[in-house]
Amino acid sequence: MTKKSVFAPRSAWTPLRITRDGREFLRVSTDELSTYDPATGELVATIDTSSLADVDMAVSRAREAVTRSPWRNDGALRARVLFRWAERMRTNAEDLAELLTREQGKTLAQARSEVQSSISMIEFNAGQARAIYGRAIALKDGVHGVVLREPMGVVAAITPWNYPLNLTIRAVAPGLAAGNAVIVKPASATPAIVIRALEFLAADGDLPSGILSVVVGSGATVGDHLVGHAGVDMIAFTGDSATGINVMKRAAGGLKKVSLELGGKSPNIVFADANLDKALAGAENAIFSAAGQICTAGSRLLVEDSIHDEFVNRLAARATAMRVGDGLDPQTQMGPLISAAHKRTVWGYIEIAKADGILIAGGEDLVKAPYDRGHFVAPTIVTGLPSSSCLLTEEVFGPVLAVQSFSSEEEAVTLANGTEFGLACGLWTSNLDRAWRMGRAIEAGTIWINTYHHFYGETEVGGFKRSGVGRQQGIEGLLEFTETKHLNFDSNTNLW
Ligand code: NAD
């Protein structure tokens with residue numbers, strides 16, 4: 001089977017050289033780190049990295065800024081700064097999308113969508129910055145309680161490479177809207193796009209110095225130092241579940257608040273009464289979007305047995321016809337994996353799929369031209385797996401779909417809940433009562449009904465079980481970045 005992708009000619013790219021010069025918010029001073037286009041191997045950017053002393057400096061500047069500047073008490077100021085950031089991002093959206101594709105590999109259409117949803121996330125939180133209300137209550141004669149939401153203080157936002165812009169902004173925007181100082185540590189595969197986007201925030205003359213900092217470097221050194229730092233009050237972490245557990249343990253030493261957005265193995269459940277054309281498009285998007293490198297990937301397809309063969313054959317035909325290639329090529333539907341190392345991991349799962357089940361699409365290692373300079377695999381679908389197969393329980397984080405069938409709602413719920421994860425779920429049915437029943441029975445933070453992968457700044461995301469702790473986005477996501485304080489006023493003459 002030959003993939004039809006052709007690499008369209010590319011425009012010339014001058015690699016970025018990112019240093020601290022002119023970027024006061026970037027706390028870097030030491031060895032360089034380079035990033036490479038996952039489709040071509042081309043150098044994208046070289047960035048100076050942070051020493052542990054740079055991290056210490058970022059924390060002390062953040063503490064000072066959050067204590068001494070008007071930021072924590074002035075919601076209108078925060079709203080203005082955030083709205084202007086959104087505006088600058090909008091003006092530069094096309095450049096940001098191109099850099100995102102070059103550094104991360106996703107298609108330009110997906111990159112544009114990530115930029116736009118990031119802007120929308122900033123705007124939602126900018127609006128909320130002026131509306132962080134508390135409550136007041138008359139408690140007894142002459143006694144009143146006022147309950148306020150205050151910023152946590154200094155927040156470390158540690159973010160992954162798969163949606164680097166969106167997942168960084170998902171922490172930075174509410175963190176700042178709530179009045180905190182935020183120190184960002186981007187993933188080492190995608191720091192340039194994060195720094196570029198944050199430059200549009202740092203450019204604001206009204207953003208107090210020290211309220212935003214970026215540190216760059218490995219998780220094991222720079223990330224770990226940030227998590228363990230006594231001057232950091234909260235860790236907003238998005239990444240792998242195993243890393244998240246270690247971050248939580250490390251943060252426990254200082255009893256720091258953690259918000260953890262972790263991995264998934266999300267079920268996508270198709271009933272025979274669904275709009276099957278829409279469900280097919282949804283199933284394809286759920287697993288092959290961003291080459292499956294998305295925490296909410298619908299990586300387990302559960303299909304009602306009466307339509308199983310027809311539905312799965314149609315999906316396999318779509319997967320086989322997908323154009324895999326360079327994200328900058330407008331014809332491309334699925335880009336590469338992030339790195340050679342990640343491709344080896346995904347390939348290991350494809351080998352297991354071949355051994356454990358029946359491949360009905362993909363399974364090829366795309367290594368010949370035009371794929372020879374990047375990290376490509378074909379969209380892959382496997383059926384007939386034994387229930388013991390790790391393909392049904394472990395996160396692959398690549399374009400590998402495991403299919404199962406079911407014959408009743410009860411069986412679908414049992415299969416859907418049968419992993420350690422609980423991040424998201426898709427339900428495809430025209431039966432409203434069933435959608436309610438299933439939606440309540442499935443253990444996941446997001447249940448998409450007759451849709452998949454739609455995210456809104458207004459609505460919360462997060463995981464049950466091994467998929468996370470706390471929520472991001474929406475009002476709850478903003479309030480994660482606050483402490484609750486009760487001011488108790490007593491005007492009576494006697495204490496008791
Ligand atoms: P990762 O856990 O390897 O890294 C995430 C971030 O943590 C990076 O910035 C990394 O440098 C840092 N880090 C690593 N070790 C650290 C340590 N000991 N202390 C502090 N920081 C450390 O994850 P990844 O490979 O970048 O991203 C892929 C994973 O992220 C997948 O498991 C995916 O499901 C998950 N993810 C979850 C969500 C969500 O919202 N739930 C979203 C996107 C990705």
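All ligand and atom numbering here is 1-based and tracks the order in the structure. For the numbers below, each heavy atom of this structure counts, side chains included, while hydrogens, waters and symmetry mates do not.
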- Message: Residues around ligand 1, heavy atom under 4.0 Å from any ligand atom, sorted by chain and number. Can you pull those?
- Response: Ile158, Thr159, Pro160, Trp161, Asn162, Leu167, Arg170, Lys185, Pro186, Ala187, Gly219, Gly223, Asp224, Val227, Phe237, Thr238, Gly239, Asp240, Thr243, Val247, Glu261, Leu262, Gly263, Cys295, Glu395, Phe397, Leu423
- Task: Going by the side chain to side chain contact (heavy atoms under 4.5 Å, CB included) test, name the single residue among Val227, Leu260, Thr159 that passes it with Phe237.
- Result: Leu260
- So, Arg250 and Asp224, do they make that salt bridge, N to O below 4.0 Å? yes
- Distance only, no hydrogens: is a donor on one side chain within 3.5 Å (strictly under) of an acceptor on the other, for Ser259 and Gln472? yes
- Message: What's the separation between atom CD1 in Ile119 and atom CG in Leu96, rounded to the nearest 0.5 Å?
- Response: 7.5 Å
- Parallel, tilted or perpendicular: rings of Tyr456 and His454 (30°, 60°): parallel
- Should the heavy atoms of other residues, nucleotides or ligands under 6.0 Å from NZ of Lys354 be counted, would the total exceed 12? yes
